[in-house]
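The figures that follow rest on heavy atoms only: side chains count, while hydrogens, waters and symmetry mates do not.
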Amino acid sequence: MRFAHGLPVGRDRNSAETDLGIKRTSMNKMQQLLYSDDTPDALATKTADDTGHRVSVLFPLPLPKAYDYLCDSADKPPIGSFVAAPFGPREVVGVVWPSDDGERAKKKSKVQKLKSINQVYDAQPLAADLVDFIDWAAEYTMYPKGAMLRMVMRVKDAFEGPRMQTAFAATGEKPARMTPQREAVLAAASTAPQSAGQLASAAGVSEAVVRGLVGAGGLLKVDVDPDPPFIAPDLLRAGPMLSGDQQYAADFVATIIERDEHKGILIDGVTGSGKTEVYFAAVAAALSKDPDAQALILLPEIALTLPFLERVEERFGAAPAPWHSELTGAQRRRTWRRVAEGQARLVVGARSALFLPFPKLKLIVVDEEHDGAYKQEEGVIYHARDLAVARGARAGFPVLLASATPSLETVVNVDEGRYEAVGLSGRFNDAQMPDISLIDMRDDTPDAGKWLSPKLVEEVDKNLSVNEQTLLFLNRRGYAPLTLCRRCGHKMTAPGSDTMLVEHRFENRLVCHHTGFSMPKPSVCPVCKAVDSLTACGPGVERVAEEAKERWPNARIEVLSSDTAPGPQTMRAVLDAMKAGEIDILIATQVAAKGHHFPNLTLVGVVDADLGLAGGDLRAAERTYQLLSQVTGRAGRAEKPGRAMIQTYQADASVLKALASGDRDAFLAAEAMGRQELGFPPYGRLAAVMLRSPDEAALDRAANAMRAAAPLADGVEILGPARAPIYRLRGIARMRLLVKTRRNVNLQAYLIDWLKRTKPQSGVRITLDINPYSFM
DNA sequence: AGCACGCCGACT
DNA sequence: GTCGGCGTGCTC
C-alpha cells in the first residue's frame, strides 16, 4: 500500500461491509452457513407487535436470551426501555428487547404463564442502533446477549435519574436579624446553591446557622442535580490553521460526514503530522450537522491523560465527557447519565466507552487504532476498534482510524477497498524523521554483565558532551526478569503459576507481573537452601540504570516505568523534569513512548529490540515495528534531526531492517504476504478456544476430547490442543485450541456446532476468543 | 449473576 | 442424627 499524500486511497465501494460481517445462524443448516458470503445481515430489530401486551426483557446477566413478560397493553414500553421485572426469586432491572420471532413461535405452542413487569423507568430508552449493536456484538464475540447488555448497564442505577441532593440557595432577602455568621453564609450561598455542609465550612460556621437562615427566610431549600451538565463544545471556534494535507483530509472526511453514510477511514500520518487536528475538524463537522449528534473519541487507556483532555478543551472551549477506568463512581454516573440524555455531545474515552448509551452517535474516532490496548482480554473479550467499525457500519456513520503505524488489518481493508484512507505527510514545525541504525550485538558485544554496546555508549557520550538528552528504551520493568539459584538452578516462580518472579531492587522484592504476587527477596534458595545463591539474570530498566550510573556518574539519570517506586505522581514529575531538560538520560519502558514530546531529546537507544520478537505469535513483528517506530520517533526536533540506535542480535530480521530504512510499506507488504501464505488474519479467521481447570488431568482429557469432537469441514483447520505459554496461573492450568478458517467460513457457526458436540466436563471451563491477540 | 436444590463430611 | 460444603441447573 502506498499513499499518494493528500489523496484518498482505495477503490470506492458502496458496501459497508467489514471483515466482521456474520450471518445470523440457523443451527441445522451448517453447509449453507459455513460458506455463506460475508455480507452483514440486519438482525431483527423490528417489534413483533402482534402479541399485544407481551414484551421481551433482556437482563444484564450472562444469559443468552430475553424473557417474556406481560404488561399493560395501554402503555407498552418501547424497545430499549428500562424495566424492573420479577426474575426467579428476585426482581431484576432489564431492558425491553426485540422479541426473537423464532423463539416466539416455539413458545406459542406451549402454554406458558407469564409474569408481569413490575415497573417501567422514566429514563430515556436505549437507542435502536445500540440495541442492534449489542445483539450483533454478542453474536460476533459469542458471549451471551445479557453479558453484552451488562457492559452498557455497569453504572449502577444510573438509569433511575438523578438522586436529587438538597442544597440551599440565597433568596436575595436579608432576614431582619443579621449576624456576622449569617452574613458569611449568605455570601457563600450567593454564588451557587450548595449543601448545608459546604456552606457551613465555606463560612466557617456550624450547620445550625444555615438551618436557622432557612427559617428566617434568607435561604431557600432547593433540589439540585448532583451531576452537572457538560459544557457544550463550541463548534464555531476556529481550530489552528491546517496544512494543505490536513485540510484535504479534513475536507474529505467532512464530505463523508455530510453524506451521512458509513465509511471506515484511515488517517495515516507520522507522529506530529497533525492527525488529531484532522479528526477534531471531523468531530466539529459531525456535531455541527445535527444539533443532537454525539461523537466519541476512543483512545488506548494509557493515552487518556489530562494533557489530551486539555487539548480537546482548548480546541472546543469545553472539556469533553471523560470515560476511563480511573473515574470515581460519581464521575462515571455523571458521564453515563449525560450521555444517555444526549446532553454530553463529545465523549473521550477508553474502549468501554463504546458501550455508553448514546441516543444519537454520529461519529467514532479510534486514535492509535493499531494499539493492542483496544483488545479487552478479561471478562467479555472484544476488540474495541473492530466493534467500533461494526457499530458505525450498522448505524450508518463514519468511523475514523488514526495511526502512524496502522495495523495490518486496517491496511488490508484499505487495499481491498473496504476502507478509505487519507495520508498526512511531514512533521509539525518541519521536524525531521530520526536517523535509525541497527547495532548488531554479535559484532558489538557489551562486557559480561553489561547491556549497553560500545557503539551505543559512544553515542550517549557524544550526546552528553553537547548537553542533549538521551532515552534508553527497554520494555522490561524491574531489575532483572529472572532470579535463578546458582547452586541448584531453581528459577523463582509465583505460587501456583508458571510465571517468573521479577526482581525489583528499589523495594528489594520479587514481583510477579502476571498475578500481582510479591515477596521480599529471600536470602536462601527455597529449594536447596543455599545461602546467597539467588542471582539476577538479564536486564530490566533498573539494571540498565545501574549500569548507566556507573558509566556516567556525573549525568542526571532517571528511571521511568509504570511502577517507578514511590507512586504515580512520580511518573508525572519525571516526565515534566525530562521535558524541562533536567534529566540527561531517561531509562524507560513503553510508558515514555506515548504522547510526550521532549524538545531536547536527540538520541534514542533501544536496549533490546529482540524482546518482542521472541515467542513468535503472529503479530510479534508487527507489534515490534509499531512500538519501536513510536519510540524511535521520540528523537529529534525542528532544528536538528535525532538519531536512534537499535541493539539486536537479529540484525537480519526484516522488521528491524524495515525500521532502519524507514520503509513501512515494504514491511507491511512482506508481513501481509506471510500472513496470506499461512491463512492467518486478516486473510483468514482465527479463534482461540481456551480451557481452564485446576485439575490438570481433567483438563488434558477435556482438551483431547474436544479436539476429537471437532467436526470436519472444508476450509477449517484445528490447531492444538497445546498448553498455554504460561501453563499454570494462580493454580489454574490452561490449554488452548485454535480454529483457523478461510475468510468465507462462518467461524461462529462452526464454533456453535462444535460446542454442541462437546460434552461439558465438570471443573473445566471454556472461553472463546474471536480473533485472539494475546496467546499467553 | 443469584439463588435453590441436592447429595456427602465434621459437629451438637 | 443435623449443619453446611459447593456442583448443577433455572430464571418468562
Listed nucleotide nearest any side-chain atom of [X], set [options]:
{"X": "A/Lys115", "options": "C/dT11, C/dC12, C/dG7", "result": "C/dC12"}
{"X": "A/Leu114", "options": "C/dT8, C/dC12, B/dA1", "result": "C/dC12"}
{"X": "A/Arg90", "options": "C/dT8, C/dC12, B/dG2", "result": "B/dG2"}

Discussion item. Using OP1 and OP2 only, check whether a side-chain N or O of A/Ser762 sits under 4.0 Å from C/dT8.
Written reply: yes

Worksheet entry | Contact under 4.0 Å: A/Tyr67 side-chain N or O vs C/dT11 OP1/OP2 | no

Discussion item. Does the structure show A/Phe87 stacking with C/dT11, if we require the centres to be closer than 5.5 Å and the planes to be within less than 30 degrees of parallel?
Written reply: yes

[X] [atom1] to [N] [atom2], straight-line distance once rounded to whole Å:
{"X": "A/Trp97", "N": "C/dC12", "atom1": "CH2", "atom2": "C1'", "result": "17 Å"}
{"X": "A/Tyr69", "N": "C/dC12", "atom1": "OH", "atom2": "P", "result": "5 Å"}
{"X": "A/Lys65", "N": "C/dC12", "atom1": "NZ", "atom2": "C1'", "result": "7 Å"}
{"X": "A/Arg150", "N": "B/dG2", "atom1": "CZ", "atom2": "C1'", "result": "12 Å"}
{"X": "A/Phe59", "N": "B/dC3", "atom1": "CZ", "atom2": "P", "result": "14 Å"}

Using a 4.0 Å heavy-atom cut-off across all strands, classify [X] as base, sugar-phosphate, or nothing.
{"X": "A/Pro60", "answer": "nothing"}
{"X": "A/Pro89", "answer": "sugar-phosphate"}
{"X": "A/Leu70", "answer": "nothing"}

Worksheet item: Cationic tip of A/Arg391 within the cone over A/Phe133's six-membered ring, i.e. under 6.0 Å and within 45° of the normal?
Response: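 Ring-cation test returns yes.
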
Worksheet item: Any idea how A/Tyr69 and A/Phe59 line up, ring-wise: parallel (<30°), tilted (30 to 60°), or perpendicular (>60°)?
Response: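 Rings of A/Tyr69 and A/Phe59: perpendicular, as their planes differ by over 60°.
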
Worksheet item: Under 6.0 Å between the ring centres of A/Phe397 and A/His262?
Response: no

Discussion item. Could you report the tightest heavy-atom contact between A/Ala384 and A/Leu354, atom names first, then the distance?
Written reply: O-CD2, 3.6 Å

Worksheet item: With A/Asp227, which residues qualify under salt bridge (charged side-chain N to carboxylate O under 4.0 Å, His left out), at least two apart?
Response: A/Arg333, A/Arg337

